Amino acid sequence: MKEKELRRSLAVLPIGTVMKLTNLTARQIRYYETQELIKPERSDGNRRLYSLNDVDRLLEIKDYLDEGLNMAGIREIFMQKQLDQEHRKEQQSKTLTDDDVREILHDEILRAGGLQGMSPTSPKLR
DNA sequence: CTTCTAACA
DNA sequence: TGTTAGTA
């Protein structure tokens, strides 16, 4: 699930391809960049290189524009989305995973069994 | 031929 | 946003 996100963020598409994929003009794509809505990679002789994520981002921008939002508004939405996912990752790092719970439960059972002696034929608890 | 920056009859 | 000029 990490390999896929890596490919998705690989910047390899020239602006011409992005134009066809998004139906946006080069002018618009470059303009949105000046508005901090996208940050294309730069390579070769200063040519812009976009990733599939950038394409999705541009598609979202087009939708928000249709909904009447301006560049600043869209930028705020992206920033908010960024904060949301950062918050989620932080929570996930502090939340007990299923494996953690299983391990804790296992230790508790060993302790109880150690005091009283468990039958070797007791059903496997994992 | 494609892309880039800058500028506007 | 479109378009065009002069480059790289």
Side-chain angles (χ1 to χ4, degrees):
Chain A
M1 187 66 110
K2 194 185 301 178
E3 190 66 46
K4 194 173 183 179
E5 295 177 5
L6 192 75
R7 299 176 192 291
R8 222 173 173 51
S9 60
L10 266 185
V12 294
L13 313 176
I15 199 169
T17 302
V18 178
M19 287 174 67
K20 297 173 182 174
L21 266 36
T22 63
N23 284 308
L24 288 170
T25 65
R27 180 79 164 83
Q28 293 175 304
I29 297 173
R30 294 179 186 127
Y31 179 61
Y32 300 156
E33 180 181 349
T34 70
Q35 301 303 296
E36 315 274 15
L37 293 174
I38 49 177
K39 41 172 181 55
E41 223 75 341
R42 286 278 185 158
S43 192
D44 313 279
N46 195 42
R47 280 173 159 56
R48 275 170 259 253
L49 293 179
Y50 303 82
S51 68
L52 293 177
N53 281 325
D54 290 329
V55 174
D56 287 338
R57 204 181 180 69
L58 285 168
L59 257 21
E60 288 184 55
I61 293 173
K62 189 161 59 164
D63 289 337
Y64 288 136
L65 249 29
D66 288 330
E67 293 175 28
L69 291 177
N70 54 41
M71 307 285 104
I74 297 174
R75 195 172 47 210
E76 286 176 32
I77 289 181
F78 284 151
M79 287 184 71
Q80 186 57 55
K81 181 196 294 180
Q82 179 190 311
L83 292 180
D84 283 349
Q85 52 189 49
E86 284 180 2
H87 182 259
R88 289 174 187 171
K89 288 186 177 180
E90 185 183 320
Q91 288 306 304
Q92 190 153 46
S93 69
K94 293 178 178 177
T95 299
L96 292 180
T97 65
D98 288 346
D99 283 345
D100 292 331
V101 174
R102 185 194 308 148
E103 188 177 319
I104 292 173
L105 208 53
H106 181 231
D107 291 342
E108 288 303 314
I109 292 172
L110 280 184
R111 182 170 306 150
L115 291 172
Q116 301 169 8
M118 260 174 113
S119 162
T121 58
S122 295
K124 274 50 182 181
L125 293 171
R126 72 159 166 178

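None of these values were measured; they are calculated from a predicted model. Below, chains carry the letters A, B, ... as their sequence lines are ordered, and counting in each starts from 1.
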**Q** Do the side-chain N or O atoms of A/Y31 get closer than 4.0 angstrom to the phosphate oxygens (OP1, OP2) of B/dA6?
**A** no
**Q** Between A/L13 (CG) and B/dT2 (P), how many Å, whole number?
**A** 16 Å
**Q** Please determine if a side-chain N or O atom of A/T25 lies less than 4.0 Å away from the OP1 or OP2 oxygen of C/dG2.
**A** yes
**Q** Which dot-bracket notation, 5' to 3', represents the base pairing of DNA chain B when pairs are defined as Watson-Crick or G-U with both distances under 3.5 Å, crossing pairs as [ ], and inter-strand pairs as |?
**A** .|.|||||.
**Q** Flag the pair A/R8 and A/D56 as a salt bridge only when some basic side-chain nitrogen lies within less than 4.0 angstrom of an acidic carboxylate oxygen.
**A** yes
**Q** Kindly work out whether a path of hydrophobic side-chain contacts (I/L/V/M/F/W/Y, heavy atoms less than 4.5 Å apart) joins A/L59 to A/L49.
**A** no
**Q** Does A/D99 come within less than 4.0 Å of A/R102, counting only side-chain N to carboxylate O?
**A** yes
**Q** How long is the line joining NZ of A/K62 and P of C/dT1, in whole Å?
**A** 11 Å
**Q** Could you work out, with side chain to side chain donor-acceptor pair (under 3.5 Å) as the rule, every residue matching A/N53, not counting sequence neighbours?
**A** none
**Q** Testing A/Q85, A/E86, A/Q80 for side chain to side chain donor-acceptor pair (under 3.5 Å) with A/Q82, which one passes?
**A** A/E86
**Q** Tabulate atom names and distances for all N/O pairs under 3.5 angstrom spanning the protein and nucleotides 3-8 of chain C.
**A**
| residue | atom | partner | partner atom | Å |
| --- | --- | --- | --- | --- |
| C/dT3 | O4 | A/R27 | NE | 3.1 |

**Q** With a cut-off of 3.5 Å and sequence neighbours excluded, list every side-chain donor-acceptor pair involving residues 69-76 of chain A.
**A**
| residue | atom | partner | partner atom | Å |
| --- | --- | --- | --- | --- |
| A/N70 | OD1 | A/A72 | N | 3.2 |
| A/N70 | OD1 | A/G73 | N | 2.6 |
| A/R75 | NH1 | A/Q35 | O | 3.3 |

**Q** Between A/E33 and A/R42 (salt bridge meaning N to carboxylate O under 4.0 Å), is one present in this structure?
**A** yes
**Q** Given atom CG of A/N46 and atom C1' of B/dT2, what is their separation to the nearest angstrom?
**A** 14 Å
**Q** Can you sort out the partners of A/E108 under side chain to side chain donor-acceptor pair (under 3.5 Å), two or more places apart, ordered by chain and number?
**A** A/R111
**Q** Does the distance from a Lys or Arg side-chain N to an Asp or Glu carboxylate O, for A/E60 and A/K81, drop under 4.0 Å?
**A** yes
**Q** Please list, in numerical order, the residues of residues 14-24 of chain A that have a heavy atom closer than 4.0 Å to any atom of DNA chain B.
**A** A/P14, A/I15, A/G16
